[in-house]
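Only one structure is covered here, and it is reproduced in the block below.
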Amino acid sequence: MTFMIVQLISSKAIEAVQNLFGVSVPASQLAVQRTIPSFRNQGDFSLVVFPLLKVSRKSPEETARLLGEELLRLMPEAESFGVVKGYLNVRIVKSFWEGFVKDTYSAQSFGVDNQTSGKPVVVEYSSPNTNKPLHLGHVRNNLLGYSVSQILKASGKNVAKVNLVNDRGIHICKSMLAWKLSGVNETPQSSGKKGDKLVGDYYVKFSSDLVKETNDRIKETILNHEKHSLSDDQEMLSFNIPGSDGLNDYEKNELQKSAENTFNNYESTREWKIDGILKEHFLKTSPLLQQARAMLLKWEARDPETLQLWNMMNEWVYAGFDVTYKRLGVDFDKIYHESQTYLFGKEIVEEGLKSGVLFRKDDSSVWIDLTADGLDEKLLLRSDGTSVYMTQDLGTAQLRANDFDPESLVYVVGNEQNYHFEVLKLILQKLGRPWADHIFHLSYGMVELPEGKMKSREGTVVDADDLMDEMVATARAMTEELGKIEDFDSEEAQELYRIVGLGALKYFILKVDPRKNMLFNPADSIDFNGNTGPFIQYTYARIKSVLRKAEAENIRFDHFEVNDFHSKESDLIISLYEFPATVKQAAADYSPAIMASYLYDLARDYNTFYHELSILKEENESKKALRLAISSLTATVIKNGMQLLGIEVPERM
RNA sequence: GGUCCGGUAGCUCAGUUGGAUAGAGCAGCAGCCUUCUAAGCUGCUGGUCAGGCGUUCGAGUCGCCUCCGGAUCACCA
């Protein structure tokens, strides 16, 4: 079985040109494309002959006609042709399509390669911080990572899904400190909160406590100023600003001026409008932040009490994440933790220093000079010898190379880190890592809300669990309104709401080109009509309904002979035929959106076919069998294709 | 300011290495359920593909310029 009719036409056309004009033209000159609907009465595929005019020295119409005639001679699969302007439209013989349907309609795994081979593609995605629950942005990341992994597998690659959990650092310490200071010993069990939510709440509490503490300190400082009389009608204010001892005179002076401005403003308006310089200073010297930093140092020194608290709270978060991941339907083959990998980059830095790729500055910080590559100098070790993000990523990349001996490393990370990954790849290349050439940053765009960006401070963050709840609730409301599943028991109904609600969410996000920023409009996302997941799921359920009836009536459809296709039949068959190539295309572009778009078009094609033609009521047995076979194949393709998006399909809805 | 990404219908998005008359959905309007699931189907309305110049037989697609939006350029992650 060949899925390469397009390549066949192209190669035969090259042969035809050779025969006709004695010239060998490259395949790039002979683009074969699906004939546009207006000319489907002439053919299935089209060739553009304009590039051949130089060698044919004839008019476009004449060139196309000659080529068409030669093609008919060379290609038994070509049945007839038509010419419009410079376009040659070729009709493929019915028996070819008939053979295709016969060969595939009962193959459950049509289009998806279940034989994977070669070195693995390592796909990193999700990569959450453990101080906050997952939100809409993570949802896009997770859905993309999972779907791309599925698509790569279906295209024949071995895939390893990995997650790099950021479980250490100042953010986690903030949650830990706020929890400790609260003194209430709240746990997921005692509060009934999901672990990640609980820890996230303390992170928020830290932030608000920090703001309050800072404002209080500032107000106190401002109000407890001293007055010095300079003369009868002039006086000078002096503020006793804590933590300013180490500053130089200029900086002290700036702070005094900033404090005076703030005070004067307060005097005249009775409102606190704190000057920026002052605010920055008080944040920098915040006792709360100092405590958090002290905690991080204790953590790095393996202080048992700190480690215990850290472990406990991280476990809460993981339990919470697991629930969200499971519900989202994503999983990982290996999970890395930064707490275990953050020191790994240092050896690589040492190696780079020896080989001269990196250099040390006078303050003993380590850098790489990328100015020759149009980038800047980049820090790799701080002057105190500690590592930065980039250092860690060098280490984890090496670790992954050791663990998997991968064909390539794919990073599903937001586009705000484009620069970071450009630098990462470049450094590894300079360090002579051959696999560095196969680092691919799957850079996806931000998810925005109608009000603009999500801001945790403004409470506009869309929580992943809440979002799924809402989608499932909408699916339920919609299903109940339609009233088609009265015979479902409660468990079956719940399962359907889940499948449809999540299908809607996943499709809504995955149908957009990953690279582009996308708008998440809640009103649009709960629409289940048109270009949506539920529409495609519905099409599947509809087909299954027909197939169940056929089975009940004992109708077999393993035999059919076709004299002519209805245009709706051939449109559908050719769409189905293009599924394997679409999987390859989606894999090559790392784009679930290509698959989503294909499935939508297919579902639409099927619905018009379904509407226009009878299936079970068709009297001609051969036609009935063909239509059932096409229906069955469409169901398979929808199921397999949706599975590549991580979307399930219901047998009934 | 440097670098990168984007700008297609009122809104959200498609548009394969340059190919025929730029397509869907939503919204709006008009139809189609005693007939295989109406979460469906059919029709209508809606475009200076941000703007300009260029390359080409042919440009939404490639090049240059301008305008607008976003990201990034930390001893943060």
Side-chain angles (χ1 to χ4, degrees), chain A residues 27-28 31 33-36 38-39 46-51 53-54 60 84-87 89 127 129 166 169-171 338 361 363 365-367 374-376 378-384 386-390 392-393 414-420 422 443 445-446 448 450 453 475 478-479 481-482 484 500 504 508 511-513 515-521 523-525 527-539 541-550 581-582 585 588-589 593-594 596-597 600-601 603-604 607-608 610-618 627-628 631 652-653:
Chain A
S28 59
Q33 54 198 313
R34 183 90 170 89
T35 302
I36 62 168
S38 336
F39 299 107
S46 301
L47 275 157
V48 187
V49 302
F50 288 110
L53 301 186
K54 267 175 248 153
V84 178
K85 290 190 277 183
Y87 292 83
N89 302 312
S127 311
N129 291 350
N166 181 7
I170 192 74
H171 357 58
E338 276 197 18
K361 285 193 178 175
D363 64 359
S365 57
V366 177
W367 299 74
L375 305 174
D376 301 319
K378 188 81 189 172
L379 178 87
L380 291 176
L381 282 184
R382 295 192 186 98
S383 47
D384 64 4
T386 56
S387 55
V388 293
Y389 181 41
M390 184 62 76
Q392 296 176 35
D393 260 8
N415 62 11
E416 75 269 13
Q417 293 194 35
N418 285 355
Y419 183 73
H420 173 78
E422 195 181 346
S443 159
M446 299 291 97
E448 283 162 20
K453 284 187 182 162
M478 187 72 88
T479 307
E481 194 185 318
L482 290 169
K484 295 190 201 175
V500 173
F508 188 80
K511 74 176 175 185
V512 181
D513 183 338
R515 293 181 302 255
K516 292 188 177 172
N517 287 357
M518 66 168 290
L519 183 82
F520 188 89
N521 185 342
D524 290 348
S525 73
D527 190 348
F528 290 0
N529 301 315
N531 188 358
T532 66
F535 166 74
I536 298 170
Q537 290 172 321
Y538 169 77
T539 307
R542 206 178 205 190
I543 296 170
K544 292 308 264 191
S545 172
V546 175
L547 294 177
R548 273 191 302 273
K549 287 212 163 89
T582 306
Q585 180 72 40
D589 288 1
I594 290 176
S597 180
Y600 173 63
D601 287 342
R604 222 162 22 106
N607 279 315
T608 52
Y610 178 93
H611 190 261
E612 204 139 323
L613 303 169
S614 309
I615 301 170
L616 296 171
K617 297 198 167 63
E618 170 60 46
R627 287 174 193 169
L628 280 165
S631 296
R652 286 184 55 193
M653 69 185 275

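For clarity, every value in this text was computed on a predicted model and none was experimentally measured. Side-chain atoms are counted along with the backbone in the values below, which use heavy atoms only and exclude waters and symmetry mates. Sequence lines set the chain letters: A, B, ... in the order given, protein chains first and strands last, and positions in each chain run from 1.
- With hydrogens and angles left out, the side-chain atoms of D589(A) and Q585(A) include a donor and acceptor closer than 3.5 Å.
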Per-residue pairing states of RNA chain B in dot-bracket (Watson-Crick or G-U under 3.5 Å; . unpaired, | other strand) read (((((((..((((.....[...)))).(((((.......))))).....(((((..]....))))))))))))....
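- Within the 4.0 angstrom heavy-atom criterion, no nucleotide atom of any strand lies near N521(A).
- Comparing atom distances between the R548(A) side chain and each of rC13(B), rA20(B), rU37(B) picks out rU37(B) as nearest.
- At a cut-off of 3.5 angstrom, counting only N and O atoms as typed in the model, there is no donor on one side facing an acceptor on the other between the side-chain of T35(A) and the base of rA20(B).
- The shortest distance between the side-chain N/O atoms of R542(A) and the OP1/OP2 oxygens of rA38(B) is below 4.0 Å.
- At a threshold of 4.5 Å between non-hydrogen side-chain atoms, the residues N166(A) and S127(A) do not count as touching.
- rG63(B) and rG6(B) have their P atoms separated by 11 Å, given to the nearest Å.
- Residue contacts for T608(A): at a heavy-atom cut-off of 4.0 Å it reaches the sugar-phosphate backbone alone, with no base atom in range.
- Taking every side-chain heavy atom of V84(A) into account, rA20(B) is the closest of rC41(B), rG19(B), rA20(B).
- Using a 4.0 Å heavy-atom criterion, one finds that V512(A) contacts the sugar-phosphate atoms exclusively.
- Between rA20(B) and rC11(B), the distance separating the two P atoms is 26 Å to the nearest Å.
- Among the protein residues, S597(A) comes within range of the sugar-phosphate backbone only, with heavy atoms under 4.0 Å from sugar or phosphate atoms but none that close to a base.
- Closest to the E338(A) side chain, of the nucleotides rU16(B), rG19(B), rA77(B), is rA77(B).
- The side chain of N517(A) places no N or O atom within less than 4.0 Å of a non-bridging phosphate oxygen (OP1 or OP2) of rC5(B).
- Across rG7(B), rC73(B), rA20(B), the shortest atom-to-atom separation from the side chain of Y419(A) is found for rC73(B).
- Taking side-chain N and O atoms only, K549(A) has a distance below 4.0 Å to OP1 or OP2 of rU37(B).
- Within the nucleic acid shown, P60(A) has no heavy atom closer than 4.0 Å to any nucleic acid atom.
- The aromatic rings of F508(A) and F520(A) lie perpendicular to each other, with more than 60° between the two planes, well past the 30° mark.
- No aromatic stack links Y87(A) and the base of rG19(B), using centre distance under 5.5 Å and interplanar angle under 30°.
- In the set rA20(B), rU37(B), rA14(B), the nucleotide with an atom closest to the side chain of A541(A) is rU37(B).
- Distance NZ (K85(A)) to P (rG58(B)): 14 Å, rounded to an integer number of Å.
- Across the C1' atoms, rG40(B) and rC68(B) are found 41 Å apart, a figure rounded to whole Å.
- At the heavy-atom level, T532(A) lies nowhere under 4.0 Å from the strands shown.
- Comparing atom distances between the D513(A) side chain and each of rA38(B), rA20(B), rA14(B) picks out rA14(B) as nearest.
- Within the 4.0 angstrom heavy-atom criterion, only backbone atoms of the sugar-phosphate kind lie near M518(A); the bases stay farther away.
- Applying the ring pair (Phe, Tyr, Trp, His ring centres under 6.0 Å) criterion to Y419(A), with sequence neighbours excluded, gives no partner residue.
- Of the candidate nucleotides rA77(B), rA38(B), rU21(B), rA77(B) has the atom lying nearest to any side-chain atom of N166(A).
- Comparing atom distances between the Y538(A) side chain and each of rG40(B), rA14(B), rC57(B) picks out rG40(B) as nearest.
- Within 4.0 Å (heavy atoms only), A550(A) reaches no atom of the nucleic acid at all.
- Residue Q585(A) is in base contact, counting any heavy-atom pair closer than 4.0 Å across all strands shown.
- Checking T532(A) against D527(A) by side-chain atom types alone, no donor-acceptor pair falls below 3.5 Å.
- R515(A) is linked by a salt bridge (charged side-chain N to carboxylate O under 4.0 Å, His left out) to D513(A), counting only residues two or more places apart in sequence or in another chain.
- Regarding contacts with the backbone of rC4(B), every side-chain N or O of R515(A) stays at 4.0 angstrom or more from both OP1 and OP2.
- Of all nucleotides listed (rA14(B), rC41(B), rA77(B)), rC41(B) comes nearest to the side chain of F535(A).
- Between rG19(B), rA38(B), rC36(B), one nucleotide has an atom nearer to the side chain of V546(A) than all others, and that is rC36(B).
- Residue N89(A) places a side-chain atom within donor-acceptor reach of the base of rA20(B), judged by atom type and a 3.5 Å distance cut-off alone.
- Across all strands shown, Q417(A) has heavy atoms under 4.0 Å from base atoms, whether or not it also approaches the sugar-phosphate.
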